[in-house]
Novice: 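For reference, the structure I am asking about is given below.
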Amino acid sequence: MKNARNLALLIFIAIFIYMAFYGFPDSPSPWFDEGINLGIVKSWVKHGVFSLQIGPNEYANERSLLITTNYPLLLWVAGAFNFFGIGLWQAKIVMFAFLFIFACLFYLLAKKYYGRDNALASFALLVTFLPLYGNGKSVLGEIPGLTYFLGGLLLWESEKKWRIFTAGLLFGLAAATKSLYLLLAVSVVIGEVWFFARTRKTDYKRWFLLSAGMAIPLL
């Protein structure tokens with residue numbers, strides 16, 4: 001039975017890798033939002049300006065309306081551009097890394113809470129869910145934000161101080177990647193209030209570590 005599970009897991013991983021690299025690097029085709037993100041990174045790498053170049057020495061001023069995917073993703077793409085050169089495949093490699101880490105965290109969390117069999121079934125559903133690749137391979141913030149959030153969830157319930165702080169840091173990075181994910185930070189607060197209501201135990205150190213970790217990326 002154990003060998004069958006391991007074989008199934010290997011098959012699903014192979015499917016995931018095949019789907020992630022299918023049509024690499026231009027599938028799915030680049031589109032408007034992705035083009036903006038790549039343009040911002042290009043301006044950042046070439047000219048040191050964190051905005052979109054719209055003409056010779058001219059950059060978009062309304063950055064708060066333009067930049068909806070922020071540095072927790074774009075910084076990694078900038079690193080790839082600096083190291084490998086500016087191009088589409090360099091950016092897609094970063095997205096593949098986020099997709100791979102996201103899938104691993106998804107499996108580990110499912111295994112932690114629901115057992116290995118349910119984790120395997122959930123992983124099978126994930127790797128055969130085509131929108132995961134349609135959105136996840138594009139240079140957009142949805143999958144990276146969720147990756148940071150799942151990483152935080154994996155550490156959240158620990159009693160070790162460094163894990164609690166790191167969980168808060170990852171939650172903050174999720175919210176900084178896409179402002180929409182500030183809602184996830186609110187859900188963490190609700191979870192902490194729920195634990196307090198059940199246990200009647202106030203852990204101010206834990207709350208401080210979580211809050212400090214979340215505040216750093218947002219500030």
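Because the structure is predicted, anything quoted here is derived from the model rather than measured.
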Novice: Would Tyr113 and Asn118 satisfy side-chain contact (heavy atoms from CB on, under 4.5 Å), going step by step from the backbone distance to the final call?
Specialist: CA-CA 9 Å; Tyr113 289 113; Asn118 288 324; over 6 Å; no
Novice: Return the minimal non-hydrogen interatomic distance between Val94 and Ala80, and the atom names on each side.
Specialist: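 Heavy atoms of Val94 and Ala80 come nearest at CG2-CB, 3.8 Å.
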Novice: Hey, does the side chain of Tyr181 reach the backbone of Glu142 with a donor-acceptor pair shorter than 3.5 angstrom?
Specialist: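 Yes.
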Novice: Distance from Leu173 atom CG to Tyr71 atom OH, nearest 0.5 Å?
Specialist: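 That separation rounds to 5.5 Å.
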Novice: Could you go through the side-chain contact (heavy atoms from CB on, under 4.5 Å) check for Leu150 and Phe102 one step at a time?
Specialist: CA-CA 7 Å; Leu150 293 188; Phe102 172 76; 3.5 Å; yes
Novice: For residues Trp31 and Leu140, determine if any side-chain heavy atom of one lies less than 4.5 Å from a side-chain heavy atom of the other.
Specialist: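 Yes. Closest side-chain heavy atoms under 4.5 Å.
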Novice: Tell me the closest heavy-atom pair linking Pro28 and Gly134, and the distance in Å.
Specialist: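 Distance-wise, the nearest heavy atoms are CG-O, 3.4 Å.
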Novice: Under 3.5 Å, is there a donor-acceptor pair between the side chain of Glu34 and the main chain of Val139?
Specialist: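 Flag set: sc Glu34 to bb Val139 pair under 3.5 Å.
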Novice: Please name the pair of heavy atoms, one in Leu126 and one in Leu132, separated by the smallest distance, quoted to 0.1 Å.
Specialist: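 Minimum heavy-atom contact is O-CD2, 3.6 Å.
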Novice: Looking at CG of Leu75 and CZ of Phe50, how far apart are the two atoms once the value is rounded to the nearest 0.5 Å?
Specialist: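 Nearest 0.5 Å value for the CG-CZ distance: 8.5 Å.
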Novice: Decide whether Trp89 and Phe83 are clustered together by the hydrophobic rule: side chain heavy atoms of Ile, Leu, Val, Met, Phe, Trp, Tyr closer than 4.5 Å, transitively.
Specialist: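 Looking at the clustering, Phe83 is in the same group as Trp89.
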Novice: Are side-chain heavy atoms of Trp156 and Leu170 found at a separation under 4.5 Å?
Specialist: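 Heavy-atom side-chain distance check fails, nothing below 4.5 Å.
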Novice: Quick check on Lys112: does its NZ atom have over 12 non-hydrogen neighbours (other residues, nucleotides or ligands) under 6.0 Å away?
Specialist: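 Atom NZ in Lys112 is packed in, count exceeds 12.
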Novice: Are the side chain of Lys42 and the backbone of Gln53 linked by a donor-acceptor contact shorter than 3.5 Å?
Specialist: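 Not a single qualifying donor-acceptor pair exists.
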Novice: Does atom OH (Tyr114) have a neighbourhood of more than 12 heavy atoms from anything else shown, all under 6.0 Å?
Specialist: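 Result for OH/Tyr114: open.
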Novice: More than 12 heavy atoms of other residues, nucleotides or ligands under 6.0 Å from CH2 of Trp76: is that the case?
Specialist: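 No - once you tally the heavy atoms of other residues, nucleotides and ligands closer than 6.0 Å, there are 12 at most.
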Novice: Considering only heavy atoms from C-beta outward, does the side chain of Met95 approach that of Leu73 to under 4.5 Å?
Specialist: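 In contact.
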Novice: Mind listing the closest non-hydrogen atom pair of Leu109 and Leu154 along with its distance?
Specialist: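 Answer, listing the atom of Leu109 first, then Leu154: CD2-CD1, 3.7 Å.
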Novice: Count the heavy atoms of every other residue, nucleotide or ligand shown that sit under 6.0 Å from CD of Glu58, and state whether that count exceeds 12.
Specialist: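 Counting neighbours around CD of Glu58, more than 12 heavy atoms of other residues, nucleotides or ligands fall under 6.0 Å, so yes.
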Novice: Would you check, one step at a time, whether the test side-chain contact (heavy atoms from CB on, under 4.5 Å) holds for Thr68 with Asp33?
Specialist: CA-CA 9 Å; Thr68 59; Asp33 286 3; 5.7 Å; no
Novice: Would you check if Leu38 and Phe81 make a side-chain contact, meaning some heavy-atom pair closer than 4.5 Å?
Specialist: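 SC-SC contact between Leu38 and Phe81 confirmed.
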Novice: Are Tyr18 and Ile11 linked, directly or through other ILVMFWY residues, by side chains that come within less than 4.5 angstrom of each other?
Specialist: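 Same cluster.
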Novice: Indicate, with yes or no, if Ile13 and Ile15 share a hydrophobic cluster defined by side-chain heavy-atom contacts under 4.5 Å among Ile, Leu, Val, Met, Phe, Trp and Tyr.
Specialist: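 Yes.
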Novice: Minimum heavy-atom separation for Leu218 to Gly172, with atom names?
Specialist: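 Heavy-atom minimum between the residues: CD2-O, 3.8 Å.
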Novice: With heavy-atom distances below 4.5 Å as the criterion, would you say the side chains of Met19 and Leu130 are in contact?
Specialist: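 Yes, at least one pair of side-chain atoms sits under 4.5 Å.
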Novice: Would you give the length of the straight line joining atom CZ of Phe165 to atom OG of Ser158, rounded to the nearest 0.5 angstrom?
Specialist: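 That separation rounds to 14.5 Å.
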Novice: Checking Lys137 against Phe21 for the side-chain contact (heavy atoms from CB on, under 4.5 Å) test, could you report, in this order, the C-alpha distance in whole Å, the side-chain angles of both residues, the deciding distance, and whether it holds?
Specialist: CA-CA 9 Å; Lys137 291 197 289 184; Phe21 277 106; over 6 Å; no
Novice: Below 4.0 angstrom, N of the basic side chain to O of the carboxylate: do Asp117 and Arg5 qualify?
Specialist: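 Between Arg5 and Asp117 there is a salt bridge, with a charged N closer than 4.0 Å to a carboxylate O.
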Novice: Can you measure from CZ (Phe100) to CD1 (Ile143) and round to the nearest 0.5 angstrom?
Specialist: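 One finds 14.5 Å between CZ of Phe100 and CD1 of Ile143.
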Novice: First locate atom CD1 of Ile36, then atom OG1 of Thr69, and finally report the distance between them rounded to the nearest 0.5 Å.
Specialist: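 Here the interatomic distance stands at 9.5 Å.
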Novice: In Å, rounded to the nearest 0.5 Å, how long is the span from CD1 of Ile93 to CZ of Phe24?
Specialist: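 Reported value, rounded in 0.5 Å steps: 4.0 Å.
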Novice: Counting the benzene-type ring for Trp, do Phe98 and Tyr148 have ring centres under 6.0 Å apart?
Specialist: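 For Phe98 and Tyr148, the ring centres are under 6.0 Å apart.
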Novice: Quick one: do Phe96 and Tyr22 end up in the same hydrophobic cluster if we chain Ile, Leu, Val, Met, Phe, Trp and Tyr together by side-chain heavy atoms under 4.5 Å apart?
Specialist: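 Yes, Phe96 connects to Tyr22 through the hydrophobic network.
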Novice: Following the transitive rule for hydrophobic clusters with a side-chain heavy-atom cut-off under 4.5 Å over Ile, Leu, Val, Met, Phe, Trp and Tyr, establish whether Phe171 and Val186 coincide in one cluster.
Specialist: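 No, Phe171 and Val186 fall in different hydrophobic clusters.
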Novice: So which heavy atom on Thr177 is nearest to which on Pro144, and how close?
Specialist: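 Smallest heavy-atom distance, with atoms named: CG2-CB, 4.2 Å.
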